[in-house]
Each structure stands twice: as C-alpha cells, then as structure tokens.
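Input: a single structure, listed below in structure tokens.
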Amino acid sequence: MSQAVGRRPRVSRPLQDRVAQIGVWPPRAAQQAEALAALEQGEVVHLPRLAFPLLEGEESLLDPSLCDGRSKNISFDPSTGRIGGLKTDELRALLVRRLMERFSAWSLATARQLLPAYAGALQLARTSLRPCDVENRAISPRKDDRRLHVDAFPANPVQGRRILRLFANVDPQGRPRVWNVGEPFEPFATRFLPRAGRPAPGAAGLLQALKLTKGRRTAYDHAMLRLHDLAKEDGVYQETALKRRVAFDSGATWLVFTDAALHAALEGRNVLEQTFLLPIGAMADPAMSPLKILERLTGRTLLP
Ligand SMILES: [Fe+2]
C-alpha cells in the first residue's frame, strides 16, 4: 500500500482491498502517495476521521422537502454561483448557497492537501447536496444509481479528463452511506465495449449546435456513456458482478475516480459531493485512465 507513486504495479488488487483507509489527518508523504496510487488504481480512498463541519443552523437544511422534485440533487456551480434543484424561501436558499460554497472550498483544500501532485491541475466542477433517501427513488434503470455504474455526463462532455469526486456524509442522525464497489475498470470495459458502438456521423456537432451538450461529445464521451447505460441496463450483470458492500459513516469523507470505479449508492442520505475534473497529464500514470485503457482496447484514438 505504501509503495512510491508511479512504481506500483499495474495489477488490481482483490475486491476486498478496493478501499484504501487513510486514518491519519493531516496526511504525511506516505499517506499522500498511498492515496494517489489507490485512486489511480480505481480504488476508493476512505478518510473515516475527516468530517466536514456543519455550522449552527445548517442541520435544518438537510431536508428532502428542499428538493424541487425534478432533480435527484440540489446542485451548485462554483464558477457561476448558480443553484439548481432547490425549492425553498429566499433565506433558506441563501443558507444553502453559503453551505455549498463553504463545502466546495473545503473540498478543494482537502483534495489539494491529500493529493499535492494534482493540486495545480484540479478543475472545480459541480457541487451537490443529496438530502433524499437513495432507496426511495422510483426511476428508470438508466437513472438508478443503486445499480453498479461508472459516471459519464450526457450534457457535459469531459473530453478525456478524469472525474474525481469527494463525498462527505453529514447525516445528523448518524446513518451510514452504503455503497457497492465493483470490479476494476479494464475487465468491465472489456465485457461491455463490443456492444458500445460508435457515435453516428454528425451526432456530436448536432448535439452541440442544439445546445444539448456543453462542448463537443467526443468518441471517448460516447463510449463512456454507453458503458454507463449498458451496465445499468444489464440485469444479469447487476445480479452476478463482483461487488463489495462498503459503509461510509456519518462524519466520514471519501474520494474516488467515479469514471473508473464501478459504484452504486444503496442506502443513506445527507451527503455533500464535490466534482473535480483532472487532465490525464496530471496523473502519475496516465495509462491507468479510462481514456488510455479504452484506446488500447479499441485500437482507436478516441479524442479528436
Ligand atoms: Fe455515480
């Protein structure tokens, strides 16, 4: 677990080891190296003793009735200050914005402290507040995050960049957030890639012109969306895939590259989440990125 970064062999460890616990905070060089290597291997880095502190009054914002009923989360764009998915009065909206701004800044500082090698390259994307019970949502398989999947964004193509997410369980009633964590990315991609197909000619330009995507949906983005959908829609895979149940207690923080780590949210509520995008050039081992793995498996270049 504590080998020097970059020298770790490219062999995934058994499923029972796919969560790396970092019990020391602030992290020293050994924990920073361990976290970086674990993340790039597609593992979850679990910080059981690092809690995001809520301020007085913020517990009252952890309320499912604040959701507008159309979105699964309340979202915040740190670059514009825009909040989405929220239905409440002006005062509570201000408090939600303050909470999410504070969480976003805390997440960036935490990620930079744990992963100094990424510090200058991390791009801040959406922040989300998830106050609703995961188990109570009735939705289509494709939208059902209780099914194992890798993340891919239909409207926001990442164009090869990694999706790194930091989660904090802030549930005041102490309920754990429970996930399943699945197999490594490469065997997963090998299984579904033959059914992924290629984007229709002209589709990416059309999606962009119609403003259905922010930027161009590359062949890489297309492949990742197909892998996301194929996995969620495959009932046999969902039943039989290797998986490990992991509980993240209230007061814990965890990070994971959700574009490579198969994951499913099974139980819990009141999770805050910050998304970062990371150019693969900032990785210690870019060959471990989904882009490079998919290019190797397809024998094609997936970015223009
Ligand atoms: Fe996800």
Side-chain angles (χ1 to χ4, degrees), residues 5 32 35-45 72-84 100-101 103-130 145 149-168 185 189 204 207-208 211-228 253-263 271-295 301-304:
V5 174
Q32 291 168 336
L36 185 74
L39 287 171
E40 292 197 3
Q41 294 267 349
E43 298 172 7
V44 179
V45 168
K72 28 182 195 185
N73 304 314
I74 296 164
S75 68
F76 172 68
D77 182 345
S79 66
T80 62
R82 270 196 61 197
I83 296 238
M100 294 180 84
E101 271 171 351
F103 177 72
S104 183
W106 180 86
S107 298
L108 183 58
T110 300
R112 284 178 167 160
Q113 197 170 2
L114 183 65
L115 306 160
Y118 294 168
L122 287 171
Q123 300 167 5
L124 206 54
R126 289 290 173 85
T127 315
S128 70
L129 169 62
R130 307 171 176 206
D145 290 335
H149 64 282
V150 290
D151 287 345
F153 302 147
N156 292 286
V158 297
Q159 300 170 338
R161 290 171 293 174
R162 304 300 313 272
I163 301 172
L164 177 67
R165 290 185 140 170
L166 181 150
F167 300 84
F185 183 77
L207 286 169
Q208 195 175 0
K211 297 197 185 329
L212 294 172
T213 57
K214 231 187 245 173
R216 194 171 188 81
R217 183 183 289 176
T218 64
Y220 169 74
D221 292 291
H222 171 85
M224 290 299 290
L225 282 168
R226 292 292 296 141
L227 293 181
H228 167 276
T253 295
W254 63 105
L255 297 95
V256 60
F257 278 118
T258 54
D259 52 3
L262 270 291
H263 62 284
V271 168
L272 280 155
E273 174 269 333
Q274 176 64 51
T275 301
F276 303 97
L277 299 178
L278 182 79
I280 64 167
M283 294 176 67
D285 188 359
M288 294 296 289
S289 65
L291 172 67
K292 293 297 174 193
I293 291 174
L294 293 180
E295 287 189 334
T301 306
L302 297 176
L303 292 184

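The shortest non-hydrogen separation linking Met224 to Asp151 is CE-O, 4.1 Å. Taking both residues in full, the closest heavy atoms of Glu295 and Leu303 are given as OE2-N, 3.9 Å, listed atom of the first, atom of the second, then distance. A pairwise comparison of heavy atoms in Pro157 and Arg216 identifies CB-O, 3.3 Å as the closest pair. In plain terms, the two heavy atoms of Ile280 and Ser289 that are nearest each other are CG2-CB, 3.6 Å. When all heavy atoms are compared, the tightest approach of Phe103 to Ala168 is CE1-CB, 3.7 Å. Closest approach of Pro279 and Gln123 over heavy atoms only: CG-NE2, 3.5 Å.
Put simply, the side chain of Gln159 does not reach to within 4.5 Å of the side chain of Pro304, judged on heavy atoms. Proximity of Leu36 to Tyr118: side-chain heavy atoms (C-beta onward) are separated by under 4.5 Å at one or more points. The shortest distance between side-chain heavy atoms of Thr218 and Leu302 does not fall below 4.5 Å. Contact annotation: the side chain of Leu262 approaches that of Val150 to within less than 4.5 Å [non-hydrogen atoms, C-beta and beyond]. The closest side-chain heavy-atom distance from Phe185 to Leu227 is below 4.5 Å. Pro290 places a side-chain heavy atom less than 4.5 Å from the side chain of Tyr220. In this structure, the side chains of Asn73 and Arg126 stay at 4.5 Å or more apart for every pair of heavy atoms.
Expressed to the nearest 0.5 Å, how far CG of Leu207 lies from OG1 of Thr213 amounts to 5.0 Å. Asn156 CG to Arg161 CZ: the interatomic distance, rounded to the nearest 0.5 Å, is 9.0 Å. Put simply, CG on Leu277 and CZ on Phe153 are 6.5 Å apart, with the number rounded to the nearest 0.5 Å. In this structure, Thr275 OG1 and Asp77 CG are separated by 11.0 Å, a value rounded to the nearest 0.5 Å. Distance check: Leu164 CG to Leu166 CG gives 7.5 Å after rounding to the nearest 0.5 Å.
Looking only at distances, a side-chain donor or acceptor of Asp259 sits under 3.5 Å from a matching main-chain atom of Ile163. Between the Glu40 side chain and the Met288 main chain, no donor and acceptor come within less than 3.5 Å of each other.
Trp254 and Phe167 have parallel rings, their planes meeting at less than 30° on a 0 to 90° scale where 60° marks the start of perpendicular.
Residues passing the salt bridge (Lys or Arg N to Asp or Glu O under 4.0 Å) test with Glu273, sequence neighbours excluded: Arg130, Arg165.
For the residue pair Thr127 and Gln274, a side-chain donor N or O sits within less than 3.5 Å of a side-chain acceptor on the partner.
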Could you tabulate the donor-acceptor pairs under 3.5 Å formed by side-chain atoms of residues 108-117, not counting sequence neighbours?
from   : atom 1 : to     : atom 2 : distance (Å)
Thr110 : OG1    : Trp106 : O      : 2.8
Arg112 : NE     : Ala119 : O      : 3.2

